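Everything on this sheet refers to the single structure shown next.
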Amino acid sequence: MNNSFSQNRRQFLSTIGASTLTIPTLTDAFGRAVSAQPAPDRKLGIALVGLGNYSKNQLAPALQQTQYCRLAGVVTGTPAKADEWMKKYDIPKANVYDYKTFDRIANNKDIDVVYVVLPNSMHPEYVIRAAQAGKQVICEKPMAITEKECQSMMDACNKANVQLAIGYRLHYEPFTKEVIRLGQEKVFGPIKFVEASDGFRIGDPTQWRMKKVMAGGGPLMDVGIYAVNAARYVTGEEPISVTAQFSPKTEPEKFKDVEETLFWQFTFPSGAVSNSTTSYTTGIERLYAACEKGWFELSPAFGYGPLKGRTSKGPIEQPIVNHQAMHLDGVCKDLLDGKKLPDHVTGAEGKRDVRLLQAIYRAAETGNKIKLV
Ligand code: NAD
């Protein structure tokens, strides 16, 4: 742990009044360390930036179940939403900001963590402003549209001595953790092939997800990222090359600006190969790993659950959890404990995925095999 991180940890713990947080080494049902106290004296206050579908339907309800954090504030450009949320979640007016007044959040002691839940192209600006306001930051996936933007977000957080987590909820989800174990511990021998695909039929063609400038691309940026991340987490390896192909457009009027369906293949240092599909045309959602001595799979693999899994030896049994509550509590417990977040849920991981998303587009556009090392 470097000096600036420990100094910042002391400042952060003193700011949140966490001097009573002595943390013994008990573990919960999922093997995570838990406090002997039922809950900390004070939960971390979270402000959600952007009150769209994910905030409204997933994060706000999850924040009613969390042990280590609570919904303390909101940032929205829509006054009617501000009124609705204040009433529904008992949020004081002093904790409500719009995009112009957002920077004043620096002076608000109720808010410890800013969670950026905006369209992809807006992530860098709001992560950087949150860091400059001295807040811990969580940012939704994809972290940004370019690798360069990811780096500037990480730099801003480092400079401000705050931590940056990415919305990788599945990294805290029990079925996903089990397939990561099966793959990385080579329980069925080395992985030879991975198939990881995620897609759905998109509705409203005027939404920001269909605009390249706001989304960075089509289904690859939105849900294909889950397949990219999964191929990496089951193999525990970084791909060394990629090839990719756009499908012909079956609805060219609708998909003027972004791809409709995209296929890509990674090769890994061990010789493992992955094949993936992402699409806005119809639903596809599975993760399958063929190993030397058997196989394992999740299907569904990436949605809000319940996820379901099997191996060549039988079903995978794991508890069904609320993904968002597990993610929020996992991140916030580490922040409360003054721990460095695990690398695989931070900006470093977000940047690795964004670099690969960019490489997949380059491979599909050029028809070339792109080397990644
Ligand atoms: P959404 O369209 O429902 O909400 C976006 C919000 O941003 C809206 O409240 C909108 O008013 C606000 N906004 C501010 N400025 C805007 C602008 N210029 N144009 C459009 N909207 C603007 O989107 P969402 O589904 O909530 O997605 C938000 C982010 O969360 C995205 O980055 C997405 O990838 C991510 N997400 C993650 C998950 C997950 O499982 N981790 C799931 C869904 C979405």
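The shown structure was predicted, so the numbers you read here are calculated from the model rather than taken from an experiment.
- Side-chain contact annotation: K340 with Q163, donor-acceptor N/O pair under 3.5 Å absent.
- Under the side-chain hydrogen bond (donor to acceptor under 3.5 Å, both in side chains) criterion, the residue pairs touching residues 358-373 are E259-Y361, with sequence neighbours excluded.
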Practice problem: Please test I138 against H327 for side chain to side chain contact (heavy atoms under 4.5 Å, CB included), starting from the C-alpha separation and ending with a verdict. | Solution: CA-CA 10 Å; I138 308 177; H327 173 239; 4.0 Å; yes
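- A continuous path of hydrophobic side-chain contacts links F266 to F246 [ILVMFWY only; heavy atoms under 4.5 Å].
- At a threshold of 4.5 Å between non-hydrogen side-chain atoms, the residues R42 and D112 count as touching.
- The closest donor-acceptor contact from the side chain of K43 to the backbone of T66 lies under 3.5 Å.
- No side-chain heavy atom of S121 sits less than 4.5 Å from a side-chain heavy atom of V213.
- Of the possible donor and acceptor atoms, none in the side chain of H123 sits under 3.5 Å from a partner among the backbone N and O of C139.
- The local environment of OH in Y304 is crowded, with over 12 non-hydrogen atoms from other residues, nucleotides or ligands closer than 6.0 Å.
- To the nearest 0.5 Å, the span separating NE2 on H344 from CZ on R352 amounts to 10.0 Å.
- Counted by atom type alone, R169 and H323 present one or more donor-acceptor pairs between their side chains at under 3.5 Å.
- In this structure, R129 pairs ionically with D103, as a charged nitrogen and a carboxylate oxygen lie closer than 4.0 Å.
- A salt bridge does not link E349 with K141: none of the charged nitrogens is closer than 4.0 Å to a carboxylate oxygen.
- Salt bridge annotation for D90-R70: absent, with no cationic side-chain nitrogen under 4.0 angstrom from a carboxylate oxygen.
- Of all non-hydrogen atoms in Y168 and G350, the two that sit nearest each other are OH-CA, 3.5 Å.
- Using modelled atom types, no side-chain atom of N322 and backbone atom of A62 make a donor-acceptor pair closer than 3.5 Å.
- Counting heavy atoms of neighbouring residues, nucleotides and ligands inside a 6.0 Å radius, atom CZ of R310 does not exceed 12 of them.
- Between I46 and Y115 the shortest heavy-atom distance is CG2-CB, 4.1 Å.
- Atom CZ in F296 sits 9.5 Å away from atom OG in S312 (nearest 0.5 Å).
- To the nearest 0.5 Å, the span separating CG on L298 from CD on E178 amounts to 9.5 Å.
- Not a single donor-acceptor pair under 3.5 Å links the side chain of N120 to the backbone N or O of I145.
- Smallest separation of non-hydrogen atoms from Y99 and G50: OH-CA, 3.7 Å.
- At least one side-chain heavy atom of D334 sits less than 4.5 Å from a side-chain heavy atom of P342.
- In this model, a donor atom of one side chain and an acceptor atom of the other lie less than 3.5 Å apart for T101 and D98.
- A donor-acceptor pair is defined here as one N or O able to donate and one able to accept, closer than 3.5 Å; such a pair exists between the side chain of K211 and the backbone of T206.
- Heavy-atom minimum distance, V194 versus V234: CG2-CG2, 4.0 Å.
- Put simply, OG on S276 and CD1 on I360 are 7.5 Å apart, with the number rounded to the nearest 0.5 Å.
- Once rounded to the nearest 0.5 Å, the distance linking NZ of K308 with CD of E317 reads 10.0 Å.
- At least one side-chain heavy atom of I320 sits less than 4.5 Å from a side-chain heavy atom of F175.
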Quiz item: Passes ring pair (Phe, Tyr, Trp, His ring centres under 6.0 Å), W295 versus F188? Steps please.
Solution: CA-CA 7 Å; W295 53 267; F188 294 95; 8.1 Å; no
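- No chain of hydrophobic side-chain contacts below 4.5 Å, direct or via other Ile, Leu, Val, Met, Phe, Trp or Tyr residues, connects Y288 to V223.
- For the pair E260 and K254, the salt-bridge criterion is not met [side-chain N within less than 4.0 Å of a carboxylate O].
- With hydrophobic clusters built from ILVMFWY side chains whose heavy atoms lie under 4.5 angstrom apart, I240 does not share a cluster with W264.
- A 6.0 Å sphere centred on NZ of K249 holds more than 12 heavy atoms belonging to other residues, nucleotides or ligands.
- Residue Y172 comes nearest to K177 through the heavy atom pair C-CD, 3.9 Å, listed as atom of the first residue, atom of the second, then distance.
- Using a cut-off of 4.0 Å between Lys/Arg side-chain N and Asp/Glu carboxylate O, K256 and E253 are scored as salt-bridged.
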Practice problem: Under the side chain to side chain contact (heavy atoms under 4.5 Å, CB included) rule, what do L356 and V242 come out as? Steps first, then yes or no, please. | Solution: CA-CA 9 Å; L356 294 174; V242 60; over 6 Å; no
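- Ring-plane geometry between Y89 and W85 is classed as tilted, the angle between the planes lying from 30 to 60 degrees on a 0 to 90 degree scale.
- Among all heavy-atom pairs drawn from Q207 and I202, the shortest one is NE2-CG1, 3.4 Å.
- Proximity of Q318 to V179: side-chain heavy atoms (C-beta onward) are nowhere separated by under 4.5 Å.
- Classified by interplanar angle (parallel below 30°, tilted 30° to 60°, perpendicular above 60°), the ring pair Y233/H171 is perpendicular.
- Side-chain heavy atoms closer than 4.5 Å link hydrophobic residues (I, L, V, M, F, W, Y) into clusters, and following such links, even through other members, never connects Y280 to I284.
- Side-chain contact, Q324 with Y54: a donor N or O sits under 3.5 Å from an acceptor N or O.
- For the atom pair L63 CG and D329 CG, the distance stands at 9.0 Å (nearest 0.5 Å).
- Residues T278 and Y226 fail the side-chain proximity criterion, which asks for heavy atoms closer than 4.5 Å.
- In this structure the side chain of M210 reaches within 4.5 angstrom of the side chain of V258, judged on heavy atoms.
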